Amino acid sequence: MIYNILRYVIALLAGVASYMGIDGAMPLLDPYIDAKFLNSSGLTLTAIKIAVLVAGSLVGAAIGYFISSFILNQGLIISRQLERLLTRVPNQELVAGTIGLLFGLIIANLIGVAFNQIPIVGPYIPIILSAIFGYIGLRLMARKGPEMYGNYMKQRDGDDTKKTDRFKMFGSGESKQKQDNQQINDETAKLLDTSVIIDGRIKELASTGFIDGPLIVPVFVLEELQLISDSADSMKRNRGRRGLDILHEMQEDKNVPIIVVDNDYDDIHEVDSKLMRLALEKNWKLMTNDFNLNKVGKVQGLTILNLNELTNALKPALIAGEWITVQIMKEGKEIHQGVAYLDDGTMIVVEDGKPYVGQEVAVMVTSILQTSAGRMIFARVDGGVHE
């Protein structure tokens, strides 16, 4: 509905533009209108002008209607690309860039007033200045805005002593004393990033006793968790609070020592970059769930402990021809297929499993497909139903 309305609007605008263009050019056509033609046709000059204006407007509207579909489609493509681009920009950079653009346009217009009286080029100078100063303001604030905000937050929170007191609930004072009395064992120390803390599985893994050595949490990771927990987005806020709660519970459990270190790098703004630099300097292992951090860290020679890879490695091994008992949960996409799941969430596509939805049946594994997202198992039913 809206699409068709916009097509008619474009056609109307094209018709109006054609009318204005022909009306402006009409005085130039007057000398070429032959008086004999007027006399022979019996029409007046005014009638011919009206006919030309109406015909030109209709032709312009028709052309506008035909090209409106192309214009709208291109506009949709550009808007979607712009939307995808903006969603990748961090919120702080987006807000700072918008503010910089506004200030740049204001300054450009103030300066452009002085050039308005210049003949010929005067009216065009403010346009050029707006483009230049707007771009400069956008780029400058997008780069420096987050840094200025970070400096403001540091000044508000105080110096490093106050920062240590603020994270006292995580044992930073105790950890500092431990570092003074004994050196952290670089071979067993594991540096935690934000994603692995929020994920929560690190707490359960620590309770099993499979992790040795201390878990290192830098202050800048705690700061990122605090920023996330203070976010206006309810989902981000809950994730941030979950990460802080998990750290606090792990300290209370005392299954693995949690050490908070005050190392920070003012010349680096990205938390991932700070983590990699700290791991390189201290020769610590880096524990993460972040796919990109995992790849970049391995390129830089870091020892990366990825909990997702650990989870995949601990999944029970199945081979083709093995019989297992599963519960068919729902119908599959293909005819007569059923879908079941293992305890670890691995999906099993069961051939001829549709009649057994809601029942436990014995199935034989026919093949296993390993993808980047995980495993998919294909099986077939032997017909035996388990009550």
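Position 1 is the first residue of the sequence, and the numbers go up from there. The shown structure was predicted, so the numbers you read here are calculated from the model rather than taken from an experiment. We use all heavy atoms of the structure for the numbers below, so side chains are in, but hydrogens, waters and symmetry mates are not.
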Subject >> Under-4.0 Å salt bridge between Lys274 and Glu270 >> reply: no
Original post:
So, for Ile259 and Pro214, which heavy atoms are closest and what is the spacing to 0.1 Å?
Top reply: CD1-CB, 3.7 Å
Original post:
Just checking, any donor-acceptor pair under 3.5 angstrom between side chains of Glu224 and Thr194?
Top reply: yes
Original post:
In chain order, what residues pass the salt bridge (Lys or Arg N to Asp or Glu O under 4.0 Å) check against Asp290, with sequence neighbours excluded?
Top reply: none
**OP:** Have a look at Leu225 and tell me which of Leu244, Asp230, Val217 forms a side chain to side chain contact (heavy atoms under 4.5 Å, CB included) with it.
**Re:** Leu244
Original post:
Does a side-chain heavy-atom distance below 4.5 Å link Met329 with Val357?
Top reply: no
Original post:
Does the side chain of Leu305 reach to within under 4.5 Å of the side chain of Thr288, using non-hydrogen atoms?
Top reply: no
Subject >> Expected output: side-chain Arg380 to main-chain Met364 donor-acceptor under 3.5 Å >> reply: no
Original post:
Does Ser231 offer a backbone N or O that forms a donor-acceptor pair with the side chain of Arg237 under 3.5 Å?
Top reply: yes
Original post:
Of the non-hydrogen atoms in Phe133 and Ala108, which two are nearest, and what is the gap between them?
Top reply: CB-CB, 3.9 Å
Original post:
Which heavy atom of Gly200 sits nearest a heavy atom of Ile246, and at what distance?
Top reply: CA-CD1, 3.3 Å
Subject >> Over all atoms of both residues, closest heavy-atom pair of Ser229 and Gln226 >> reply: OG-O, 2.7 Å
Original post:
Are Val296 and Tyr265 connected in a single hydrophobic cluster, I mean Ile/Leu/Val/Met/Phe/Trp/Tyr linked by side-chain heavy atoms less than 4.5 Å apart?
Top reply: yes
**OP:** Using the side chain to side chain donor-acceptor pair (under 3.5 Å) rule, collect all pairs that involve residues 10-22, keeping only residues at least two apart or in two chains.
**Re:** none
Original post:
In the single-linkage hydrophobic clustering (I, L, V, M, F, W, Y; side-chain heavy atoms under 4.5 Å), do Phe291 and Leu192 co-cluster?
Top reply: no
Original post:
Are Val196 and Ile211 in one and the same hydrophobic cluster, where Ile, Leu, Val, Met, Phe, Trp and Tyr link if side-chain heavy atoms are under 4.5 Å apart?
Top reply: yes
Original post:
Are Val339 and Met376 linked, directly or through other ILVMFWY residues, by side chains that come within less than 4.5 angstrom of each other?
Top reply: yes
Original post:
With a 4.5 Å limit on heavy-atom distance, are the side chains of Gln337 and Phe378 in contact?
Top reply: no
Original post:
At their closest point, which heavy atom of Ala320 faces which heavy atom of Thr366, and how far apart are they?
Top reply: CB-O, 3.6 Å
Original post:
Are the side chain of Asn109 and the backbone N or O of Leu105 linked by a donor-acceptor pair below 3.5 Å?
Top reply: yes
